[in-house]
Amino acid sequence: MDAAFQQCIDPDCNATFSIGEVHISCPTCAVAGKNSLLDIRYHWDQLEHTPKSFGLFERRWMTKGEQGSGTLDFSGVWRFRELMPFYRTEDDIVSIGEGRTNLQCANLLAGKIGFKPGNLYLQYEGLNPSGSFKDNGMAAAFTHARMVGAKCVACASTGNTSASLAMFASLSEMLGIVFIGSGKIAYGKLSQALDYGARTLQVQGDFDACLRRVRQITTENKELGIYLMNSVNPFRLEGQKAIMYRVLEAMDWQPPDWIVVPGGNLGNCSAFGKAFTELKELGLISRIPRLAVIQAAGANPLYQLFTEQGVRWDDGRPDTSKIDALYNKMNAESYHANTIASAIEIGRPVNLVKSLRALDLMDGVVREVDDQTILEHKAMVGRYGFGCEPASAASVAGAHMLIDEGILSPSDRVVCILTGHELKDPDATVKYHTGIDVKAIQDQAPRSTPHGQLANEPIAVPDDLDAIIKAIGATP
Ligand SMILES: *Cc1c(COP(=O)(O)O)cnc(C)c1O
Ligand SMILES: [Zn+2]
């Protein structure tokens, strides 16, 4: 067995697969009609460079990038590469200087929401090259895509995944295909996908419909040779572990008391749990922070299942009947997630079970916050910090709610993850401050034929598999 491998997270299966294989769920469980997620695992004792202390990473971030491409030490992901050693050689690694982000001690904001000075921190993942934390995961998943020789990559997206995929695809000389639902995408994000040259399919459906279609074209239509970049891809989560490494690094390797993160597809919180599991396995930390996952009230399946119905990880055997019942109810009622925080507007999160595992490990809580509360906290982050997009502010709104409940104490050291940049969704900000709905004006505005030489218009398609494959035009 290789030192790095893939493994099914279902304890009744535990099947393992080599790193060179491409799966987005466990093929062994699929035979039994089950849909189980995979993990990337390591036999740490068989690795040449297993970290024995954090000293290995000390000051690597001071290294200057070479020729604008960035060395591995310059990357905020790959400077921790010994903690995600699934690549064969360093030549496999894809990097564009992702993850050079900032942990700010936010005393003004702390005062407004009830923390003592020195205790509230904001982790600005909006400072990534494409403006959201998604770049952390894409650096890792594109590394794997390159290892397996992928030429074409795809994702469904509420916006930031497509922006990040489009950027990495164009730099890796792969064809990027992004599926965006009709309607809610923030223009900052759409503009990135178009500008980086991704083939952009605007499917008549929501995010969940787009994800269903992308899974079909990548798994049931394998002959198309399209590699899936959504966070069901376990390699994405390997890269996203680095967000926690950077938080620890900025805090001199002393774990905070709480990590607060918005939850959409639940990949980020799952990655955080995995990061701490492994740091503990390696003996690098002795204490694990607690976790708060904050959902929007209009997209709250984890809140309903975990907080209201008490569904737990239960050693890998969560009560799937409750999960199925919720999704059946959503189908019966034609429920569609609906929130101003478009990045977390997701009804059926793919990493739900992994998030239960993270909540178990990190003694977590889940809360929901409504759109108005999100917008008020977004405005506070803007006024007293660097600003963020609506979904990101859910973390601060959640921290505020938890301090009011007495679950967080004013003297706890709390890190809120600000997942995306303020400029991702300027329309939401303008509407908050002026009442003007820029997006409504844009949608009604007369359109001329695009005339730029590189004009890359979204392709409107019905939610129909044949029409989608035709629109992709990616013949094998
Ligand atoms: C993707 C995204 C999220 C949600 O992260 P998950 O890993 O899907 O839970 C939150 N905020 C922003 C800005 C995002 O782009
Ligand atoms: Zn399995």
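Each ligand, and each atom within it, is numbered from 1 in the order the structure gives.
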One thing to verify: whether [Y] and [X] come together as a salt bridge, which I'm taking to mean a side-chain N less than 4.0 angstrom from a carboxylate O.
X      : Y      : value
Glu220 : Arg215 : no
Glu238 : Lys274 : yes
Asp12  : Arg317 : yes

Against heavy atoms of [X], which atoms of ligand 1 measure under 4.0 Å?
X      : result
Asn265 : 6 (P), 8 (O), 9 (O)
Asn268 : 7 (O)
Ala391 : 11 (N)
Glu389 : 13 (C)
Gly267 : 6 (P), 7 (O), 9 (O)
Gly263 : 9 (O)
Gly420 : 13 (C)
Lys134 : 1 (C), 2 (C), 3 (C), 14 (C), 15 (O)

| For Val247, does its backbone N or O pair with a side-chain atom of Glu249 as donor and acceptor, under 3.5 Å? |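 No; judged by distance alone, with no hydrogens or angles, the pair does not exist.
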| said: As a check for students: among Ile344, Val293, Ile346, identify the option with a heavy atom nearest to atom 4 (C) of ligand 1. | reply: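 It is Ile344 that holds the nearest heavy atom.
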| side chain to side chain donor-acceptor pair (under 3.5 Å) partner of Lys34, the single match among Asp10, Thr320, Thr28 |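 Of the listed residues Asp10, Thr320, Thr28, the side chain to side chain donor-acceptor pair (under 3.5 Å) partner of Lys34 is Asp10.
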For [X] and [Y], does a side-chain donor sit closer than 3.5 Å to a side-chain acceptor?
X      : Y      : result
Asn351 : Arg236 : no
Gln123 : Thr101 : yes
Lys189 : Thr161 : no
Glu368 : Asn300 : yes

| task | Could you tell me whether Ser392 and ligand 1 have an N or O pair separated by under 3.5 Å? | result |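 By distance alone, the answer is no.
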| said: For atom 12 (C) of ligand 1, what is the closest protein heavy atom, and at what distance to 0.1 Å? | reply: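 Residue, atom and distance for the closest contact: Thr419 OG1, 3.2 Å.
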| field | Which residue and heavy atom of the protein sit nearest atom 5 (O) of ligand 1, plus the separation | value |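 Scanning the protein heavy atoms, the shortest distance from atom 5 (O) of ligand 1 goes to Phe133 CZ, 3.4 Å.
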| Ser231 near ligand 1, heavy-atom distance under 4.0 Å? |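 No, Ser231 has no heavy atom closer than 4.0 Å to ligand 1.
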| query | Which value, rounded to 10°, describes the SG(Cys13)-the Zn ion (ligand 2)-SG(Cys8) angle? | reply |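 Result: 110°, to 10°.
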| said: Applying a heavy-atom cut-off of 4.0 Å, say which part of Leu266 lies close to ligand 1: side chain, backbone, both or neither. | reply: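 For Leu266, only backbone atoms sit under 4.0 Å from ligand 1.
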| request: Apply ring pair (Phe, Tyr, Trp, His ring centres under 6.0 Å) to Phe86 and Phe235, showing your working. | output: CA-CA 9 Å; Phe86 63 82; Phe235 292 93; 5.0 Å; yes
